[in-house]
**Student:** 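So that we are looking at the same thing, I have put the structure below in structure tokens.
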Amino acid sequence: MKQRLLFLGPPGAGKGTQAQRLAESQGLLHLSTGDLLRAEVAAGSALGKEAEAVMARGELVSDALVLAIVRSRLEQQAAAGGGGWLLDGFPRNVAQADALAELLEELGQQIELVVLMELDDAVLVQRLLSRGRADDNEAVIRHRLEVYRQQTEPLIAYYRERNLLAPVEAAGTVEEIGARITALLA
Ligand code: B4P
């Protein structure tokens with residue numbers, strides 16, 4: 001079973017929903033950069049203060065900040081004896097992907113699969129509007145989709161060239177999509 005995974009896809013595709021489910025059932029470390037940043041915002045830390053306005057605009061938080069968060073978590077896990085992990089919402093641009101590759105080389109680890117969750121824009125917008133998080137109003141959602149197309153979508157070719165990409169249809173029930181993903185991990 002593959003156990004070092006990335007979840008890639010547009011905002012609202014259900015990365016967080018599926019990642020949490022899979023991490024629980026397979027005993028993987030679930031690292032959601034979105035959740036970790038929101039926790040910093042809620043705690044009112046210096047890092048959270050820096051991230052808050054950027055997230056509210058639907059833009060990407062600085063690479064250095066996100067990388068520091070991911071590095072510390074993966075280093076901690078490796079020091080504690082290693083294990084599987086699932087990175088959800090990271091990397092989000094080519095610079096982050098290159099930095100992740102360097103970090104994993106240092107740790108002697110490799111990505112085993114990149115799950116690409118694919119869904120139509122109309123459904124994405126609808127899902128996010130019904131979620132209603134602070135950054136889920138229509139104008140910000142449209143901007144997040146644009147940021148995704150410009151900065152994150154190039155990662156599809158990046159990971160396809162490395163023979164790691166596994167596209168998944170992200171329409172359907174949570175259970176149906178979960179079964180499609182599990183089938184890719186064998
Ligand atoms: P994220 O927290 O990563 O959130 P997301 O992409 O908007 O949502 P996701 O795809 O995880 O959807 P979810 O499962 O929640 O990013 C938020 C912000 O954080 C970014 O805009 C950025 O500012 C910052 N950030 C995060 N990572 C960063 C990085 N690496 N670099 C820089 N900045 C970063 O699902 C969405 C909704 O759909 C939910 O309400 C869910 O219940 C529903 N849903 C899920 N599956 C469904 C299904 N099958 N059917 C119906 N509804 C479904």
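From a predicted model like this one, the values you see are computed outputs, not experimental measurements. Along the sequence shown, residues are numbered consecutively beginning with 1.
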**Student:** Are L124 and I156 in one and the same hydrophobic cluster, where Ile, Leu, Val, Met, Phe, Trp and Tyr link if side-chain heavy atoms are under 4.5 Å apart?
**Tutor:**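 Per the 4.5 Å side-chain linkage, L124 and I156 are not co-clustered.
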**Student:** Between Q109 and W85, does a side chain to side chain donor-acceptor pair (under 3.5 Å) hold up when you go through it step by step?
**Tutor:** CA-CA 11 Å; Q109 299 182 357; W85 40 251; 2.8 Å; yes
**Student:** How long is the straight-line distance from CZ of R160 back to CZ of R162, given to the nearest 0.5 Å?
**Tutor:**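 If I round to the nearest 0.5 Å, the distance is 12.5 Å.
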**Student:** Please examine the side chains of E153 and L155, heavy atoms only from C-beta on, and report whether any two atoms are closer than 4.5 Å.
**Tutor:**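 No, their side chains stay 4.5 Å or more apart.
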**Student:** Count the heavy atoms belonging to other residues, nucleotides or ligands that lie under 6.0 Å from CD of E175, then report whether that count exceeds 12.
**Tutor:**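 Atom CD in E175 is packed in, count exceeds 12.
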**Student:** Tell me if a side-chain donor or acceptor on E112 pairs with a main-chain N or O of Q3 at a distance below 3.5 Å.
**Tutor:**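 Confirmed, E112 side chain pairs with Q3 backbone.
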**Student:** Knowing that exactly one of L36, L8, V66, I69 qualifies, which makes a side-chain contact (heavy atoms from CB on, under 4.5 Å) with F90?
**Tutor:**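 When side-chain contact (heavy atoms from CB on, under 4.5 Å) is applied between F90 and each of L36, L8, V66, I69, only V66 qualifies.
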**Student:** From E50 CD over to S45 OG, what is the distance, rounded to the nearest 0.5 angstrom?
**Tutor:**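 So the CD of E50 and the OG of S45 are separated by 9.5 Å.
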**Student:** Once you round to the nearest 0.5 Å, how far does CE of M1 lie from CG of L28?
**Tutor:**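 One finds 8.0 Å between CE of M1 and CG of L28.
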**Student:** Mind checking the CG-CZ spacing from L164 to R4? Nearest 0.5 Å is all I need.
**Tutor:**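 Between atom CG of L164 and atom CZ of R4 there are 13.5 Å.
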**Student:** Taking transitive links into account, so neighbours of neighbours count too, which hydrophobic residues share a cluster with V174 at under 4.5 Å side-chain distance?
**Tutor:**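 Result for V174 is none, singleton.
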**Student:** Hey, does R149 have a side-chain heavy atom less than 4.5 Å from the side chain of D121?
**Tutor:**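 They are in contact (side-chain heavy atoms under 4.5 Å apart), so the answer is yes.
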**Student:** Are E52 and R57 close enough for a salt bridge, meaning some N to O gap below 4.0 Å?
**Tutor:**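 Not counted as a salt bridge, because no side-chain N and carboxylate O are separated by less than 4.0 Å.
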**Student:** With a 4.0 Å cut-off, would you call R144 and D136 a salt bridge?
**Tutor:**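 A salt bridge is present here (some side-chain N lies under 4.0 Å from a carboxylate O).
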**Student:** Apply side chain to side chain donor-acceptor pair (under 3.5 Å) to H143 and E59, showing your working.
**Tutor:** CA-CA 8 Å; H143 187 55; E59 286 167 10; 3.1 Å; yes
**Student:** Would you call E138 and R142 a salt bridge, using N to O less than 4.0 angstrom?
**Tutor:**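 The answer is yes: the pair qualifies as a salt bridge.
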**Student:** When you measure from the side chain of K15 to the backbone N and O of G9, does any donor-acceptor pair fall under 3.5 Å?
**Tutor:**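 Yes; judged by distance alone, with no hydrogens or angles, the pair exists.
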**Student:** Do the side chains of L29 and L86 get nearer than 4.5 Å, heavy atoms only?
**Tutor:**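 They are not in side-chain contact.
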**Student:** Is there a side-chain contact between L5 and D88 in this structure, where contact means two heavy atoms from C-beta onward sitting under 4.5 Å apart?
**Tutor:**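 Heavy-atom side-chain distance check fails, nothing below 4.5 Å.
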**Student:** Which atom names give the shortest non-hydrogen contact between L107 and A78, and what distance separates them?
**Tutor:**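 Where L107 meets A78 most closely, the heavy atoms are CD2-CB, 4.1 Å.
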**Student:** Does some side-chain heavy atom of L100 sit less than 4.5 Å from a side-chain heavy atom of L87?
**Tutor:**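 L87 vs L100: side chains touch.
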**Student:** Quick one: CZ on R92 to OG1 on T33, what's the gap to the nearest 0.5 Å?
**Tutor:**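 Taking CZ in R92 and OG1 in T33, the distance rounds to 5.5 Å.
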**Student:** Any chance you could measure T152, atom OG1, to L60, atom CG, to the nearest 0.5 Å?
**Tutor:**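 Rounded to the nearest 0.5 Å, the OG1-CG separation comes out at 5.5 Å.
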**Student:** Quick one: are Q18 and M117 in side-chain contact, heavy atoms under 4.5 Å?
**Tutor:**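 Yes. Closest side-chain heavy atoms under 4.5 Å.
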**Student:** May I ask you to check whether Y158 and N93 show a side-chain donor-acceptor distance below 3.5 Å?
**Tutor:**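 No, no side-chain donor-acceptor contact under 3.5 Å.
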**Student:** Taking E176 for its side chain and T173 for its backbone only, find out whether a donor-acceptor pair lies under 3.5 Å.
**Tutor:**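 Confirmed, E176 side chain pairs with T173 backbone.
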**Student:** Is the closest side-chain heavy-atom distance between L116 and F7 below 4.5 Å?
**Tutor:**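 No - every pair of side-chain heavy atoms lies 4.5 Å or more apart.
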**Student:** Assigning hydrophobic clusters by single linkage (Ile, Leu, Val, Met, Phe, Trp, Tyr; side-chain heavy-atom cutoff under 4.5 Å), is Y148 placed with L119?
**Tutor:**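 Different hydrophobic clusters.
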**Student:** Are the side chains of R73 and Q77 in touch, meaning some heavy atoms are under 4.5 Å apart?
**Tutor:**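 R73 does not reach Q77 side chain to side chain.
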